[in-house]
Amino acid sequence: MPTKKAPVTLCITSGKGGVGKTSLTVNLAFALAEKGARVLIVDGDLGLANVDVLLGLSVKRTIRDVLDSGADPLESVIYLEPNLGVLPASSGVPEMVTLGPEDQSRLGSVLTTISSHFDYALMDTAAGIGPSVLWFNSFVNHNIIVLSPDPASLTDSYALIKILSRDHNRKNFHLVINLANSDGEGLQTYETLEKVAKKFLNLDLQYLGTVPDDKSVHKAVRGRYLFIQKAPQSKASQALFDLADRIKMLKEMTS
Amino acid sequence: MDQLLDLQEKCPSNNQECPVFDEVRRLREECKRLQELTQVDTLTGLFNFRYLMMSLEGEMERTRRTGLSTGLIMSDLDHFKRINDTHGHECGNEALQWIGKIWHEKLRRIDMACRYGGEEFIVILPGTRLPQAIRAAERLRFALENSPVKLNGKLVRLTASFGVDAYRGRKKLTVETFIKQTDHFLLEAKARGRNRVCYDENKITVAMEGLTLDEREALFATRRPER
Ligand SMILES: Nc1ncnc2c1ncn2[C@@H]1O[C@H](COP(=O)(O)OP(=O)(O)O)[C@@H](O)[C@H]1O
Ligand SMILES: [Mg+2]
C-alpha cells in the first residue's frame, strides 16, 4: 500500500546533449526498482533517442486526455514492472510545459498526483535550457547534472548551474560524471566544477558518482536492451547500482 | 525594384492628369505583379523554390559576414499519399494550402516560408540560432496538429515531421549541402514515428555568453597540467 511519504523527485539535466542523460535515467530507474523502490520515469524530452524509443513504448492515454476527461492520471502511466512506471514523452508532458502558465500549473498538479504513488520520480530532460528544461528543474526537489570530463561539457554544466541558481533559485545540485576513463578522472572533473561554483556562485555542489565509458552501454543502446539488466556485472552497471545507493540516501535526507 | 517603388507619388510638374505619370504607375504595378509571379508558389501563397534558393544563399552569406546564424526548418506533411487517396486530389491541394496558411500565421515577418516541392516545405529563419529554430518548429508542429482542416466536409487532423539545423558560418557550406544536412533530420523524424521535430542534440549547448572571463579562466586553468 502506498505510504503517504512524499516522493523524491529528481531531474536529470546536462545542458549539452549526448552526455548520457537518457541512458542514465532509464538504467538508474531499473537499479532503484531492483532494490524494491517504486520508481516513475518521466520523459521530458520530445526529441530523438528518447525514452519511448529506448523502451519501445506506445501510449494510450495522454496527459491532456486526463485533464480533459477528468480520468485517473495514473492511466497515462505505462508499467514496465509492477514497481516501475513510465510517463512517456508522447503522453504530452514536455509539450504542456511549452504552453501557457495555466497548463503548466495543471501539469504540475497532475505530476504531483502521479508521483505520490511512487518513492522516486526521475525526470529526463532535453538538451539546452529551453522552457521545458527550466520547468522540470524548478519542479523537482533535487537537480542531477550529468557531465563528461570533456571541457565543453564542463563549461556547459557550469553555465547551466549558474542560470538555475541565479534565476531559478535552485541550490541542491548533484553531479554525475559520465563517460569517464577512471573514477579519478571523474572526481577531478567534479572538483574543478565544485571549486569554481563555490568561488563564483557560493554554491556547494554534491558529488553523486562517476560512470565509466563502457562499451556495454553502446551495445545496449544499439541492441535496444538495458545494460543494467543484460550486463549487471559491467562496470557501468556497477557504477549505477552505487548511484542508486547514494540516491536512496537523498531520500532519507529529504524525508 | 525598390528604388522604382520609392519614386515620388505625384507627377513632378504637378499635372493632375499627367499621362506619363499614369503609365509609370501602371508599369510599376505590373512589375510588382510579375515579381510576385516569379517568387510565389501559386497554390500555397508561400515563396517558391527559386526564391528559396536565392534567399538562402543571401542569408548564408550574411551569416558568414555578421556571424548571426541562419536557421533552417524542413518539413513534410505526414501521410500525404493517404490524404490524396482517401479524399482526392483536390483535398490534397487544400491540405497544402492549409499548411501555407498556418506557416504564414505562426512565423515572424522576417522568416521566409517556402514550398520546396510536393508536400515539402522549408522555412528560412534569418539571424536565428538552433534552439530558437527548434522552438519555432515545435510551434508549427503543435499548431498544425491542433488545427484540423475541413476536407470534403469532414474535419481532418494533419501532422507534419520536421528537421531543423542552423548555419553558424564557421565553415564554408553550399546551399545544397545545408539543405541536405537538414533533410537528414527530417528523415530521422519520419523514421521515429512522424509528427516530431528532430535535430542534432550534440549541437545544443547552454549559451557561453553568460559566463564572465574570470569564470572561464577558472574552469580551464585548473584543467591545465601542473608543472
Ligand atoms: N557510460 C557510457 N559509456 C559508453 N557510452 C555511453 C555512456 N553513456 C552514454 N553513452 C552513449 O552516448 C550516447 C548518448 O547517450 P544519451 O543517453 O542518449 O544522451 P543524452 O540523453 O544526454 O542526449 C548514446 O549512444 C549512449 O550509448
Ligand atoms: Mg536524451
Side-chain angles (χ1 to χ4, degrees), chain A residues 13-19 21-22 45-50 52-53 56-58 64 89-90 92 94-99 126-133 149-164 166-167 185 188-189 191-201, chain B residues 106 129-146 157 159 161-166 184-226:
Chain A
T13 315
S14 68
K16 201 171 161 340
V19 296
K21 290 179 297 294
T22 304
D45 184 4
L46 210 52
L48 54 139
N50 56 20
D52 293 41
V53 177
L57 304 173
S58 64
R64 188 151 278 291
S90 41
E95 208 159 75
M96 290 196 61
V97 168
T98 62
L99 304 177
I129 39 162
S132 78
V133 173
D150 166 50
S153 174
L154 183 81
T155 320
D156 223 53
S157 32
Y158 179 79
L160 175 73
I161 290 170
K162 182 173 177 178
I163 291 167
L164 290 174
R166 190 190 56 192
D167 304 339
E185 189 185 36
Q188 199 192 337
T189 306
E191 279 165 2
T192 302
L193 202 54
E194 191 266 335
K195 254 188 239 150
V196 182
K198 182 75 198 162
K199 179 167 174 199
F200 293 98
L201 309 175
Chain B
K106 295 292 163 190
R129 292 200 302 222
L130 185 58
Q132 286 98 306
I134 293 166
R135 245 170 275 163
E138 273 300 344
R139 210 162 53 225
L140 297 180
R141 191 198 64 74
F142 185 81
L144 182 64
E145 183 187 31
N146 289 288
R157 184 189 286 264
T159 63
S161 302
F162 297 79
V164 186
D165 206 350
H184 167 82
F185 295 108
L186 169 57
L187 292 178
E188 181 119 32
K190 289 274 178 197
R192 295 195 186 265
R194 300 186 175 85
N195 190 21
R196 62 179 65 220
V197 178
C198 283
Y199 51 87
D200 186 353
E201 287 220 337
N202 294 307
K203 274 197 189 168
I204 305 283
T205 56
V206 180
M208 280 257 281
E209 292 95 87
L211 303 194
T212 65
L213 258 178
D214 285 346
E215 286 170 322
R216 286 189 217 189
E217 278 264 293
L219 282 168
F220 290 119
T222 37
R223 295 182 59 80
R224 277 189 208 117
E226 281 169 35

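Numbers restart at 1 for each chain; the letters A, B, ... are given by sequence-line order, proteins then strands.
- In this view, B:Lys106 satisfies the salt bridge (charged side-chain N to carboxylate O under 4.0 Å, His left out) rule with no residue, not counting sequence neighbours.
- With a 4.5 angstrom heavy-atom cutoff, A:Lys16 touches chain B via backbone and side-chain atoms both.
- Using a 4.5 Å cut-off between heavy atoms, B:Arg139 does not touch chain A at all.
- Residues B:His184 and B:Asp165 have side chains not in contact (no heavy-atom distance under 4.5 Å, counting atoms from C-beta outward).
- Both the backbone and the side chain of B:Asp214 have a heavy atom closer than 4.5 Å to some heavy atom of chain A.
- For A:Lys199, there are no salt bridge (charged side-chain N to carboxylate O under 4.0 Å, His left out) partners at least two apart in sequence or on another chain.
- With a 4.5 Å cut-off on side-chain heavy atoms, A:Arg166 and A:Leu201 do not count as touching.
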